Number of protein chains: 2
Amino acid sequence: MNIVEFAKTLNLSIGTVSRALNDRAEVSPKTRQLVLEKAEELGFVRNANARRLVTGRNYMIRLECPYSTHILSDRYLVELARGVEEVAGAHGYDLLLHLGTRRSNAVEVQDVDGLVIVAGPETTSDDLRTLTHAGQIPAVVISGAAPLEFPKAAFVSLDTLPGVREALARLAELGHTRVGYIGSGLSDDRVRDNFPRLMAEVGLTYDPTLSLEAGISADEGRKAALALLSSVEPPTALFARTDILATGAVLAVSQLEKSVPSDVSVIGHDNIEAAALVNPPLTTVDINIPDVAALAVRALLAMVIDKAEPTVQTLGAHLIVRKSCGPVRS
Amino acid sequence: MNIVEFAKTLNLSIGTVSRALNDRAEVSPKTRQLVLEKAEELGFVRNANARRLVTGRNYMIRLECPYSTHILSDRYLVELARGVEEVAGAHGYDLLLHLGTRRSNAVEVQDVDGLVIVAGPETTSDDLRTLTHAGQIPAVVISGAAPLEFPKAAFVSLDTLPGVREALARLAELGHTRVGYIGSGLSDDRVRDNFPRLMAEVGLTYDPTLSLEAGISADEGRKAALALLSSVEPPTALFARTDILATGAVLAVSQLEKSVPSDVSVIGHDNIEAAALVNPPLTTVDINIPDVAALAVRALLAMVIDKAEPTVQTLGAHLIVRKSCGPVRS
DNA sequence: CTGTTAGCGCTTTCAC
DNA sequence: GTGAAAGCGCTAACAG
């Protein structure tokens with residue numbers, strides 16, 4: 001059924017019906033209600049493509065993950081998609097997905113109303129220019145680093161440093177003074193670079209001999225922890241750059257016939273799925289992805305609907321407290 | 001630029017241009033080439049919404065995950081989406097995502113050309129009826145169980161049993177005769193229910209006293225393995241229903257001062273991300289999701305494009321061999 | 001407040 | 001092989 005037939009059964013003109021359906025002010029309340037009720041009853045739904053054609057609006061936003069695997073874990077990606085869908089859907093917008101493996105089906109300006117771009121470390125402002133058709137398509141970019149030089153897009157920067165700081169503050173509170181650091185071996189790492197400063201800020205003194213770059217696997221984490229814990233004056237707490245490394249560190253502790261958290265406290269980073277299922281459940285630094293999604297979509301829809309200026313925002317991580325930290329052994 | 005302007009610059013009628021762009025036979029080769037070249041040069045792209053309106057085709061398929069978290073892990077979900085996007089994109093179809101938290105933005109018949117439905121254990125044929133508008137929208141459903149009673153949809157059933165069988169065959173080959181089973185504690189589990197039969201099929205005898213229902217966490221897996229390995233005649237190999245349980249089992253082995261795989265072999269199930277990063281890397285049963293995606297989308301597009309009948313297919317799991325299995329200790 | 005009408009940009013008959 | 005013209009179903013501007 002189309003709007004002509006539908007209007008006919010109501011003895012109204014298509015104009016009136018359209019206005020009622022669009023919630024326009026110029027319709028009398030009774031008419032509006034009648035239309036809405038009858039539409040529900042007869043199952044009339046407007047043809048979205050006709051609306052899109054005539055209004056130039058697509059009621060569609062597209063999630064772009066040009067380098068997906070490099071930035072967000074799958075868990076984060078799914079949560080982000082869910083969050084974006086949630087708040088975009090509440091405003092009547094659907095979610096198109098582009099995981100970025102294919103170059104071919106690039107967006108055209110007319111196809112979507114806005115873009116949520118997940119930027120990786122390698123994303124450049126040129127990429128953004130291409131993706132947004134030189135800023136013609138409203139966009140918000142979510143990035144782990146500082147905003148790129150691209151004033152036409154809104155930015156939501158993720159910053160895990162506040163969470164790391166929270167972690168260290170907690171350790172300090174629990175009486176720890178010797179805190180080890182197990183790194184992921186990346187050449188460029190904000191967390192590692194700011195670790196000494198963060199230590200100082202919570203009143204801890206940073207000891208470079210307690211810092212080791214491990215790698216990516218749990219086993220590398222285990223070995224690093226082993227090395228650290230075997231030193232003359234071993235740390236009483238370990239901060240691991242990733243949860244995977246942290247699980248390795250936990251292994252190392254039990255290998256030394258000690259236990260977490262009574263002998264050694266361990267804190268991870270990323271809150272991967274397994275972090276809660278390990279023994280003991282891992283205290284870890286986490287970014288609240290639903291918050292990220294909400295922030296991003298709101299910024300985007302403000303641009304799309306209200307023609308607002310692009311904004312730049314930052315969202316900090318938090319510490320998820322579970323069971324892998326305890327007071328320092330006296 | 002629209003097709004009228006574009007046609008004007010070519011001194012052709014819009015009809016001819018449209019036919020050329022649609023690769024219709026009635027256009028002369030030279031004209032077609034001219035049109036294609038100029039379109040590329042001037043950056044002319046047809047308005048998708050106008051095409052959709054007039055053709056009734058959306059070039060869009062929608063991925064429905066009504067109960068996402070219950071069936072597929074996030075890794076599987078992302079891989080599935082990527083796979084679906086890949087092959088659908090190759091045919092010019094875009095991917096809409098519906099993670100199923102919101103009831104409101106349900107699909108209308110006119111909005112998409114087809115549905116890829118990820119079914120959970122709780123999905124009923126009534127759900128399928130609703131989702132597909134009583135079969136009006138072509139759909140393929142991906143499910144872990146047997147196909148539901150809904151003849152209008154195509155099905156791709158996943159069956160991990162072949163992979164489990166492969167795992168047991170390998171264990172048998174390595175000389176193991178006492179194989180323990182660590183279950184996930186679910187009331188209804190195809191793997192557990194078929195485990196004894198599969199054992200028999202590869203020439204192993206199933207011993208119920210070597211079978212324990214653990215739970216979901218690594219620690220429950222550790223405890224179950226500990227119990228199994230402490231029995232009078234302990235198993236030499238452990239099959240864990242999930243990788244999480246398997247990592248717990250590995251822990252138990254080292255806790256008993258033994259090692260994997262030289263003293264005890266361990267096999268997991270699911271191939272979670274962490275499975276490769278653990279020490280030793282876990283041999284595990286995996287479903288090839290890109291294959292699932294390709295199978296599903298091809299079945300769907302056959303229905304959409306060629307009006308083919310819905311098909312019913314099954315895809316089996318495979319064993320991913322890593323380092324957690326070895327020959328039985330002599 | 002409601003009805004009428006002109007497009008939105010394209011595909012697809014129907015002529016030639 | 002190409003051009004002209006009739007819609008696809010809707011919104012929005014314009015009358016009344």
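Residue numbers start from 1 in every chain, and the chains themselves are labelled A, B, ... in the order their sequence lines are given, proteins ahead of strands. Computed from a prediction, not measured in an experiment: that's the story for all the values here.
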Gap between atoms CD and C1', on Glu26(A) and dG16(D) respectively (whole Å): 15 Å
Atom-to-atom span, CG of Asp23(A) to P of dC10(D) - whole angstrom: 18 Å
Estimated bend of the helix from dC1(C)-dG16(D) to dC16(C)-dG1(D) (axis per five terminal pairs, rounded to 10 degrees): 40°
Neighbour count above 12 (heavy atom, 6.0 Å) for Gln33(A) CD: no
Tyr93(A) and Tyr59(A) aromatic ring geometry - parallel, tilted or perpendicular at 30°/60° bounds: tilted
Atom-to-atom span, CG of Leu10(A) to P of dG3(C) - whole angstrom: 10 Å
Side-chain H-bond candidate by donor/acceptor type, Asn47(B) with Arg52(B), under 3.5 Å: no
Side-chain N or O of Thr31(A) closer than 4.0 Å to phosphate OP1/OP2 of dC1(C): no
Thr132(B) side chain vs Leu128(B) backbone, donor-acceptor pair below 3.5 Å: yes
Any Ser13(B) side-chain nitrogen or oxygen under 4.0 Å from OP1 or OP2 of dA4(D): no
Flag for Asn22(B)-Arg51(B): side-chain donor and acceptor within less than 3.5 Å: yes
Report, one pair per line, the protein and nucleotides 8-11 of chain C atoms (nitrogen or oxygen only) whose separation is under 3.5 Å.
from: dC10(C); atom 1: OP1; to: Asn47(B); atom 2: N; distance (Å): 2.9
from: dC10(C); atom 1: OP2; to: Ile3(B); atom 2: N; distance (Å): 2.2
from: dT11(C); atom 1: OP1; to: Asn22(B); atom 2: ND2; distance (Å): 3.3
from: dT11(C); atom 1: OP1; to: Arg46(B); atom 2: NH1; distance (Å): 3.0
from: dT11(C); atom 1: OP1; to: Arg51(B); atom 2: NE; distance (Å): 2.9
from: dT11(C); atom 1: OP2; to: Ser18(B); atom 2: OG; distance (Å): 2.7

Ion pair Asp113(A)/Lys307(A), N-O distance below 4.0 Å: no
Nearest atoms (heavy-atom pairs only) where Cys65(A) meets Val118(A): SG-CG2, 4.0 Å
Non-hydrogen side-chain atoms of Val112(A) and Ile137(A) separated by less than 4.5 Å: yes
